[in-house]
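A quick write-up on the structure given underneath.
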Amino acid sequence: MKSILRPLTLALLTVSCAVSAPASAQTTPTLKVPDGFKVTEFATGFKQPRFMVVASNGDVLLSDMGAGTVYVMSDANKDGVADGQQLYVTGLNQPHGLAIHGGYLYVAETDKVVRFAYKPGDMKASGQPETLLSLPSGGGHSTRTVEFGPDGKMYVAAGSSCNVCEESDPKRAAIWVYDADGKNGKEYASGLRNPVGIEWVGDTLYSTNNGRDMLGDDLPPEGIYRVKSGGFYGWPYCYTTKPGEAQVWDKDFGKKSAATCTGATPAFSLTTAHAAPLGLAAYTGSTFPAAYKGQLFIALHGSWNRSAKSGYKVITVDPASGKATDFLTGFLSGQRTEGRPVDLVVMPDGALLLTDDGAGKVWRIQYRPS
């Protein structure tokens, strides 16, 4: 796929709307996007909006992890603003990942994966959830992500229980694959400390990954991986310092030996350490300029323990070269946080939606040249 051929000039956009937000995001961010793009508010008033999935009729289902809820949002008049948010189901245990497959809505809670009978246009769950499988819970990383592959199998990602350790449960720091009904589970890939975002693009599974802490401001960089069956991606023994190059042994952890890293697949793209890449989406729409076709859009949630904050933006990554380019910035004002990007989806009209759990919003990004 072709990369963006020239630097993109950033245009300043002030989003003039009231913000009802937690302490981490008290003011309206001044967002910067490339020339011709516009960012507007699609929906607001959420507690902790996380992952989304788009139904075939254009409805958007969204997990609100803090509220234990899944919402449905429609835009019937196609004005780029949600008509409202309908409560689809509540009472869930930290719902995060969502997927639609085979007449069901799948929800990855922190301790299990459940599904509801679903057809496009449904605004409320019609029955009780069917529990498909249990997941390890507790520990340092609580999000769980579910995605379906071109093989019709269900892929489930769970982060580690710690910063750096040898896990006793093989489902942690790993991606597992199951039949659509949750049976016949087996490990698909390991050594991914916190693979929050997983996305099939054609026959390739991409994963974001959050690297370990406590090695200073700049180690290790955060990684984007091409994931294959049986692959080992380094954690807790190794990490990538240069895209595509052999991983480095984590001497600070002091386990195993440098030889352990010879079998670890490196990240093909890197971001600043502690930037916390989460959701990703390949651009499949037709309204952005041609240079964006097939590019990976990745939400960087932002650092919590870096002396100079990193992340808090959306980047593009060229899947061919691994080159990362800033796309949407402005969620940091100096060192003050004004939003925290989480997940991206492509809408039928070619727009991107972005969840922001710092401001409790969903933003809409569309190309509208003047």
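For the single chain, residues carry numbers from 1 onward in sequence order.
- Residues Asp213 and Arg193 are in side-chain contact: their nearest non-hydrogen atoms beyond the backbone lie under 4.5 Å apart.
- Contact of the Lys78 side chain with the Asp349 side chain is not registered, since no non-hydrogen atoms from C-beta on lie closer than 4.5 Å.
- Put simply, the side chain of Arg172 gets close to the backbone of His141: a donor and an acceptor are under 3.5 Å apart.
- Put simply, the side chain of Ser190 does not reach to within 4.5 Å of the side chain of Trp176, judged on heavy atoms.
- A donor-acceptor pair under 3.5 Å is absent between the side-chain atoms of Gln85 and the main chain of Met73, judged by distance alone.
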For this session: Check step by step if side chain to side chain contact (heavy atoms under 4.5 Å, CB included) holds for Glu167 and Trp235.
Result: CA-CA 10 Å; Glu167 294 285 3; Trp235 187 88; 3.9 Å; yes

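- Side-chain contact between Tyr188 and Leu205 is present, with heavy atoms from C-beta onward closer than 4.5 Å.
- Leu31 and Leu332 end up in the same hydrophobic cluster when Ile, Leu, Val, Met, Phe, Trp and Tyr side chains are linked at under 4.5 Å.
- The one candidate from Arg340, Lys47, His301 that meets the side chain to side chain donor-acceptor pair (under 3.5 Å) condition with Asp357 is His301.
- In terms of heavy atoms, Tyr206 sits closest to Pro319 at OH-CB, 3.4 Å.
- Between the Asp75 side chain and the Gly80 main chain, a donor and an acceptor come within less than 3.5 Å of each other.
- Side chains of Thr69 and Asp64: a donor-acceptor N/O pair is absent below 3.5 angstrom, by distance only.
- Of the inter-residue distances, the one linking Lys112 atom NZ with Ser137 atom OG reads 9.0 Å to the nearest 0.5 angstrom.
- Residues Ser207 and Tyr155 have side chains not in contact (no heavy-atom distance under 4.5 Å, counting atoms from C-beta outward).
- Because its NZ or CZ atom is not both nearer than 6.0 Å to the ring centre of Phe42 and within 45° of the ring axis, Arg364 does not count as a cation-pi partner of that residue.
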Exercise. Taking it one step at a time, do Ile298 and Val314 satisfy side chain to side chain contact (heavy atoms under 4.5 Å, CB included)?
Worked result: CA-CA 6 Å; Ile298 298 173; Val314 174; over 6 Å; no

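- Considering all non-hydrogen atoms of both residues, Ala158 and Lys171 come closest at CB-O, 3.5 Å.
- Contact annotation: the side chain of Tyr118 approaches that of Tyr88 to within less than 4.5 Å [non-hydrogen atoms, C-beta and beyond].
- Both Tyr178 and Phe148 belong to a common hydrophobic cluster when Ile, Leu, Val, Met, Phe, Trp and Tyr are linked at side-chain heavy-atom distances under 4.5 angstrom.
- When all heavy atoms are compared, the tightest approach of Ala117 to Asp122 is O-OD2, 4.2 Å.
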Exercise. For Asn210 and Leu278, what are the C-alpha separation, side-chain angles and deciding distance, and is it a side chain to side chain contact (heavy atoms under 4.5 Å, CB included)?
Worked result: CA-CA 8 Å; Asn210 299 174; Leu278 299 185; 4.0 Å; yes

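- Phe297 and Val342 are assigned to two separate hydrophobic clusters, defined by single-linkage of ILVMFWY side chains at heavy-atom distances under 4.5 Å.
- With hydrogens and angles disregarded, a donor-acceptor distance shorter than 3.5 Å links the side chain of Gln247 to the backbone of Thr265.
- Here the closest heavy-atom approach between residue Arg212 and residue His274 is recorded as O-CE1, 3.8 Å.
- With hydrogens and angles disregarded, no donor-acceptor distance shorter than 3.5 Å links the side chain of Ser303 to the backbone of Asn305.
- A distance of 12.0 Å separates NZ of Lys255 from CG of Asp250, quoted to the nearest 0.5 Å.
- A donor-acceptor pair is defined here as one N or O able to donate and one able to accept, closer than 3.5 Å; no such pair exists between the side chain of Lys361 and the backbone of Asp356.
- The main-chain N or O of Gly68 is never found under 3.5 Å from a side-chain atom of Asn93 such that the two would form a donor-acceptor pair.
- At least one donor-acceptor pair under 3.5 Å links the side chain of Asn209 to the backbone N or O of Asn194.
- Of all the heavy atoms in Arg306 and Asp217, the pair that sits closest is NE-O, 2.8 Å.
- The aromatic rings of Phe288 and Phe327 sit parallel to each other, their planes meeting at less than 30°, with 60° as the upper class boundary.
- For the atom pair CG of Leu353 and CH2 of Trp363, the computed distance is 12.5 Å after rounding to the nearest 0.5 Å.
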For this session: May I have the step-by-step check of side chain to side chain contact (heavy atoms under 4.5 Å, CB included) for Leu352 and Leu328, ending in yes or no?
Result: CA-CA 12 Å; Leu352 280 174; Leu328 170 59; over 6 Å; no

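- Following chains of ILVMFWY side-chain contacts shorter than 4.5 Å, one cannot reach Met65 starting from Leu92, and the two form parts of different hydrophobic clusters.
- Of the N and O atoms on the side chains of Tyr237 and Glu166, at least one donor lies less than 3.5 Å from an acceptor on the other residue.
- Scanning for side-chain contact (heavy atoms from CB on, under 4.5 Å) contacts around Ala157 gives Thr145, Ile175, Pro195, Ile198, with sequence neighbours left out.
- Residue Tyr225 forms a ring pair (Phe, Tyr, Trp, His ring centres under 6.0 Å) with just one option from Tyr233, Tyr239, Phe268, and that option is Tyr233.
- Heavy atoms from other residues, nucleotides or ligands lying under 6.0 Å from CD of Gln128 number 12 at most.
- Panel note: side chain Arg144, backbone Glu109; no donor-acceptor pair is recorded below 3.5 Å.
- For His96 and Ser63, the side-chain atoms include no donor-acceptor pair closer than 3.5 Å.
- Annotation: side chain of Tyr312 is not in contact with side chain of Pro29 (no heavy-atom distance under 4.5 Å).
- With Leu296 as the partner, the side chain to side chain contact (heavy atoms under 4.5 Å, CB included) test is satisfied by one option alone out of Thr208, Val317, Thr316: Val317.
- Enclosure of atom CG in Asp203 is not indicated, since only 12 or fewer non-hydrogen atoms of other residues, nucleotides or ligands lie within 6.0 angstrom.
- Separating the CG atom in Leu135 from the CG atom in Asp169 is a distance of 9.0 Å, to the nearest 0.5 Å.
- The aromatic ring centres of Tyr292 and Tyr367 sit 6.0 Å or more apart.
- Listed for the Lys251 side chain is no donor-acceptor partner under 3.5 Å among the backbone atoms of Ser257.
- Atom NZ of Lys309 sits about 3.0 Å away from atom OG1 of Thr337, to the nearest 0.5 Å.
- The hydrophobic cluster containing Val345 also contains Leu62, counting ILVMFWY residues as joined when their side-chain heavy atoms lie under 4.5 angstrom apart, directly or transitively.
- For the residue pair Met154 and Val146, the shortest heavy atom distance occurs at CG-CG2, 3.5 Å.
- The line from CD of Glu199 to CG of Asp343 is 8.0 Å long, rounded to the nearest 0.5 Å.
- By the 4.5 Å heavy-atom criterion applied to side chains, Pro266 and Glu245 are not counted as neighbours.
- Of the candidates Glu130, His101, Arg115, Arg115 is the only one forming a side chain to side chain donor-acceptor pair (under 3.5 Å) with Tyr106.
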